[in-house]
Peer 1: 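After the structure tokens below, expect a handful of questions from me.
Keep in mind it's a predicted model, so treat the numbers as computed, not measured. Just so it is clear: chains get the letters A, B, ... in the order the sequence lines come, proteins before strands, and each one is counted from 1.
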Amino acid sequence: MFLSLRTEVEAALDGALSTLEFPTDDLGIEEPPEDVESVLASSVAFRLASEAGTPPPQVAGQIGDEIDTDDLRYVGAVETQGPYLNFLPSDAYLAETLAAATDDAYGHLTDREESVVVEHTSANPTGPVHVGRARNPIIGDAVANLLEFAGYDVDRHYYVNDAGRQMAVFTWAYERFDEADLEDEPERDRIEYDLVRYYRKGNAYLEDASEDELEQAEAEIESIMQGLEAGEEAAYDRVSEVVDQVLSGMKGCLARLPAAFDEFVKETRFMRNGDTDDLVSRLKELDAAVYEEDAWQLELDDHGIDKNLVFLRSDGTSLYATRDLAHHEWKFDNYDRAVTVLGEDHKLQARQLRTTLELLDNDTSGLEQVLYSYVNLPEGKMSTRRGTGVDLDDLLDESIDRAREEVEDRLEDRIRDDELDEDDVERIAHQVGIGAVRYDIVSKQPTKAITFEWDRALDFEAQSAPYVQYVHARTCGILEEAGLDPETDLAAQEIELEGFEADLLATEAERDLLETIARFPAVVEEAADDLEPHRIATYTREFAEQFNGFYRECPVLSDEIDPELREARLALVAASKHTIANALSILGVAAPRSM
RNA sequence: GGGCGCGUAGCUCAGUCUGGACAGAGCGUCGGACUUCUAAUCCGAUGGUCGUGGGUUCUAAUCCCAUCGCGCCCGCCA
């Protein structure tokens, strides 16, 4: 409804300015500060003052007089406050918002008939997922949810780097060493924790090896890479044995978030189907292509990139970047847009990728990156190879444990007589524990650096997931108490919707809450346009504050409440429930019915 | 050295793209509110040279230039 109101305000303002023969290129529409009653405001009078030869407040008055609110549906009144024009909501605005938001799909935007592939995580299958890259699945999943919510047809892809040198090293190490060669026990009973030990052992061996040993090992590693390049089934099978096992374990970890994928796209796919060879020959034909020091490269200086892009090694094998080019052309063939969630350390590669795709005559306007900065430890970087870092599994376990303690501590103080059993405690511990980790990460701008500290990551205080989740639990509590099912559209239940009279919801708290609910679809649209899920998190916080204000001021089920008002307020609670549940679903944070 | 990003209250962050109404939250500190739809809540107080210096503008945290600090990148790795 906010979007409709904004359109209406734009049209009204445009009309008034035209009538007064003012320019209409900048309407100066903005959202007013919190203590101002209006939904939208305009500061256009500032800009017109010198042209009109009158002070801004008088210009604002003139414009305000030109707008007849009888012609407007959602604007109830136009008021001036000094130089500002304020647009106040009509009863219809509030009533229609309430009606729209009692639908459990509230906030979903209309289908855009546009497909988008969101590639995220794509961590090399070398071992357990650690916290250093945990931002990727959390942001990526939220971006995918957000786009889906905003009406796009979304596929989620994990691009599997199964053809790189790292995997050749891993495969060699897996075949070369036995359990007896390994010093440590697996840190956890899941396959990637078992196998990563071979990878670490292999890397350690290569570091300390004698010249002969090194030569022998390198020959073996090289043969695996050549085998892959030549499309040999045997080489592919050897690598796959490692990749598929490690990946299955990593999937298990990511599923805890939960982050799920429609497809795991292996880069070997683009070697086996000939796309990479084809691409290499096309690259060689480019003006920018040079053959230097036995390797084929692309000079991108003309495009503002100093670093050459090597696309064929001197030994004739392709590189990650080469295969990724084929991968992206495949994406362009199958999707309208391609969004990739990447660590900021891949920024230069992303530029090279885009530029090269353009040189190959691709339209890259649908290619977008979401960049985030890595999570580091106070003592430095996390590394799978060296085994430094905090495993995501451990972070989630710890968070769930702390959440469980919280739930148990609060059990005795509960006023509500809903007798949580052990399953409930466990359910809440998971919802809150995992939700807190996700919310903490998704609510910040991805470009901000994060240094991982346990206490900070596991802070359950306000402005974190439980604060927002609690609001959801409160809405459910009220609806259940009234005999309604929180999960279902209010329209489908035993309640008289015709009773919605917006003027029944007359208190400031009710109107503020309704106005906040009204903004939700606009927040979804803007966040989706800019690929910024953290805006949804900011919104959930604002929403929670508004709801808590309403909760404090406006009893719903009390005996003193008039039945009609009770129904209107119940509708408002249901609208709140759907709004916050849907906002949380975009963030991938669970919405508990009770906690 | 070059390129990119970040710098807002003691701490963690919104706000910056699209300049406007006294710069907002939370944590912390101090003081209050549970016979009431769940107090993981709420109310009040405290706290800010928006890194620094210039510029543009009626108006700058926001735009431009310079500068400092921190991070990332500058592999025939991924």
Side-chain angles (χ1 to χ4, degrees), chain A residues 26 28-30 32-36 41-43 46-47 49-50 55-56 81-84 86 122-124 126 161 163-167 267 292-297 304-308 310-315 317 319-321 324 343-349 351 371 373-374 376 403 406-407 409-410 413-418 428 432 440 443-445 447-451 453 456 459-471 473-482 530 534-535 537-538 541-542 544-545 548-549 551-558 561 569-570 573 594-595:
Chain A
D26 184 355
I29 291 174
E30 60 192 71
E34 246 178 76
D35 52 346
V36 176
S42 170
S43 59
F46 279 114
R47 254 147 288 156
S50 59
Q81 194 170 330
Y84 294 96
N86 282 311
S122 301
N124 296 341
T126 50
N161 306 159
R165 196 187 135 81
Q166 286 184 51
M167 292 324 301
E267 58 178 338
E292 276 175 14
E293 295 172 46
D294 300 329
W296 278 95
Q297 342 196 347
I305 300 172
D306 296 337
K307 189 192 157 202
N308 277 11
V310 177
F311 62 88
L312 203 61
R313 292 189 181 98
S314 49
D315 66 359
T317 56
L319 291 93
Y320 173 85
D324 204 24
E344 62 172 353
D345 50 339
H346 292 247
K347 202 167 179 175
L348 179 61
Q349 289 92 295
R351 280 184 62 208
L371 296 160
S373 94
Y374 261 50
N376 286 320
E406 286 286 331
V407 181
D409 283 353
R410 291 165 200 272
D413 302 333
R414 285 176 73 85
I415 293 176
R416 194 153 185 238
D417 163 36
D418 56 1
I428 296 167
V432 170
D440 182 58
S443 62
K444 289 171 185 147
Q445 288 189 57
T447 46
K448 302 242 183 188
I450 294 181
T451 300
E453 286 163 52
R456 198 171 285 161
D459 185 1
F460 294 158
E461 295 300 326
Q463 264 199 350
S464 68
Y467 174 72
V468 178
Q469 290 174 313
Y470 189 60
V471 164
R474 275 182 156 174
T475 62
C476 291
I478 295 171
L479 294 171
E480 280 174 19
E481 192 71 27
D530 297 341
H534 80 271
R535 292 214 212 166
T538 304
R541 212 144 48 215
E542 291 165 4
E545 273 169 39
N548 284 325
Y551 185 89
R552 183 180 67 247
E553 304 288 337
C554 305
V556 179
L557 304 175
S558 157
I561 300 300
R569 284 185 177 169
L570 269 176
V573 173
S594 63
M595 60 188 279

Peer 1: Select base, sugar-phosphate, or nothing to describe what A537(A) touches, counting heavy atoms under 4.0 Å on all strands.
Peer 2: nothing
Peer 1: Considering only atom C1', compute the distance from rU62(B) to rC50(B) and round it to an integer number of Å.
Peer 2: 10 Å
Peer 1: Could you tell me whether the phosphate oxygens of rC43(B), OP1 or OP2, come under 4.0 Å of any side-chain nitrogen or oxygen in R552(A)?
Peer 2: yes
Peer 1: Using a heavy-atom cut-off of under 4.0 Å over every strand shown, decide if C554(A) touches base, sugar-phosphate, or nothing.
Peer 2: base
Peer 1: Within the 4.0 Å heavy-atom criterion, would you say V310(A) contacts the bases, only the backbone, or no part of the nucleic acid?
Peer 2: sugar-phosphate
Peer 1: Roughly how far apart, to the nearest Å, are rA9(B) and rG15(B) at atom C1'?
Peer 2: 15 Å
Peer 1: Can you tell me the distance, in whole Å, between the OH atom of Y551(A) and the C1' atom of rC37(B)?
Peer 2: 5 Å
Peer 1: Let's go through V432(A) and M595(A) carefully: what are the C-alpha distance in whole Å and the side-chain angles of both, what is the deciding distance for side-chain contact (heavy atoms from CB on, under 4.5 Å) to 0.1 Å, and is it a yes or a no?
Peer 2: CA-CA 9 Å; V432(A) 170; M595(A) 60 188 279; 3.9 Å; yes
Peer 1: Which whole-number value in Å describes the distance from D409(A) CG to rA40(B) C1'?
Peer 2: 11 Å
Peer 1: Please classify the nucleic acid contact of E481(A) as base, sugar-phosphate, or nothing, using heavy-atom distances under 4.0 Å.
Peer 2: nothing
Peer 1: Tell me what A321(A) touches on the nucleic acid: a base, only sugar-phosphate, or nothing, going by heavy atoms under 4.0 Å.
Peer 2: nothing
Peer 1: Using heavy-atom distances to pick each residue's nearest nucleotide on RNA chain B, tell me which of D459(A) and V407(A) is more 5'.
Peer 2: D459(A)
Peer 1: Could you list all N or O pairs between the protein and nucleotides 12-18 of chain B that sit under 3.5 Å apart?
Peer 2:
from    : atom 1 : to      : atom 2 : distance (Å)
rA14(B) : OP1    : Q445(A) : N      : 2.6
rA14(B) : OP2    : K448(A) : NZ     : 3.0
rG15(B) : OP1    : H534(A) : NE2    : 2.9
rG15(B) : OP2    : Q445(A) : NE2    : 2.6
rC17(B) : N4     : R535(A) : NH2    : 3.2

Peer 1: Output the distance between atom CG (L570(A)) and atom CD1 (I478(A)), rounded to the nearest 0.5 Å.
Peer 2: 8.0 Å
Peer 1: Do any N or O atoms from the side chain of R569(A) and from the backbone of P555(A) form a donor-acceptor pair under 3.5 angstrom?
Peer 2: yes
Peer 1: Within less than 4.0 Å of OP1 or OP2 of rU36(B), is there a side-chain N or O belonging to R474(A)?
Peer 2: no
Peer 1: What nucleic acid atoms does V432(A) come within less than 4.0 Å of, heavy atoms only: base, sugar-phosphate, or nothing?
Peer 2: base
Peer 1: With heavy atoms under 4.0 Å as the rule, sort Y374(A) into base, sugar-phosphate or nothing.
Peer 2: nothing
Peer 1: Ignoring hydrogens and angles, are the base of rC76(B) and the side chain of S314(A) linked by a donor-acceptor pair under 3.5 Å?
Peer 2: yes
Peer 1: Does rC42(B) have OP1 or OP2 sitting under 4.0 Å from an N or O in the side chain of Y467(A)?
Peer 2: yes
Peer 1: Does RNA chain B take part in any stems of at least 3 consecutive Watson-Crick or G-U pairs (both distances under 3.5 Å), and if so, which ones?
Peer 2: B:1-7 with B:68-74, B:10-13 with B:24-27, B:28-33 with B:41-46, B:51-55 with B:63-67
Peer 1: Can you tell which of rA21(B), rC76(B), rA78(B) lies closest to the side chain of P32(A)?
Peer 2: rA21(B)
Peer 1: Using the C1' atom on both, measure rC70(B) against rU52(B) and round to a whole Å.
Peer 2: 15 Å
Peer 1: Can you tell me how far C1' in rC64(B) sits from the matching atom in rG19(B), rounded to whole Å?
Peer 2: 13 Å
Peer 1: Suppose we call a contact any N or O donor and acceptor under 3.5 Å apart; does that hold for the side chain of D315(A) and the base of rC76(B)?
Peer 2: no
Peer 1: Is there a side-chain polar atom (N or O) of Y320(A) under 4.0 Å from OP1 or OP2 of rA78(B)?
Peer 2: no
Peer 1: Can you say whether a donor on the side chain of N548(A) sits under 3.5 Å from an acceptor on the base of rA40(B), or the other way round?
Peer 2: no
Peer 1: For R47(A) and rG19(B), is the shortest distance between a side-chain N/O and OP1 or OP2 below 4.0 Å?
Peer 2: no
Peer 1: Looking at every strand, decide which applies to E545(A) at a 4.0 Å heavy-atom threshold: base, sugar-phosphate, or nothing.
Peer 2: sugar-phosphate
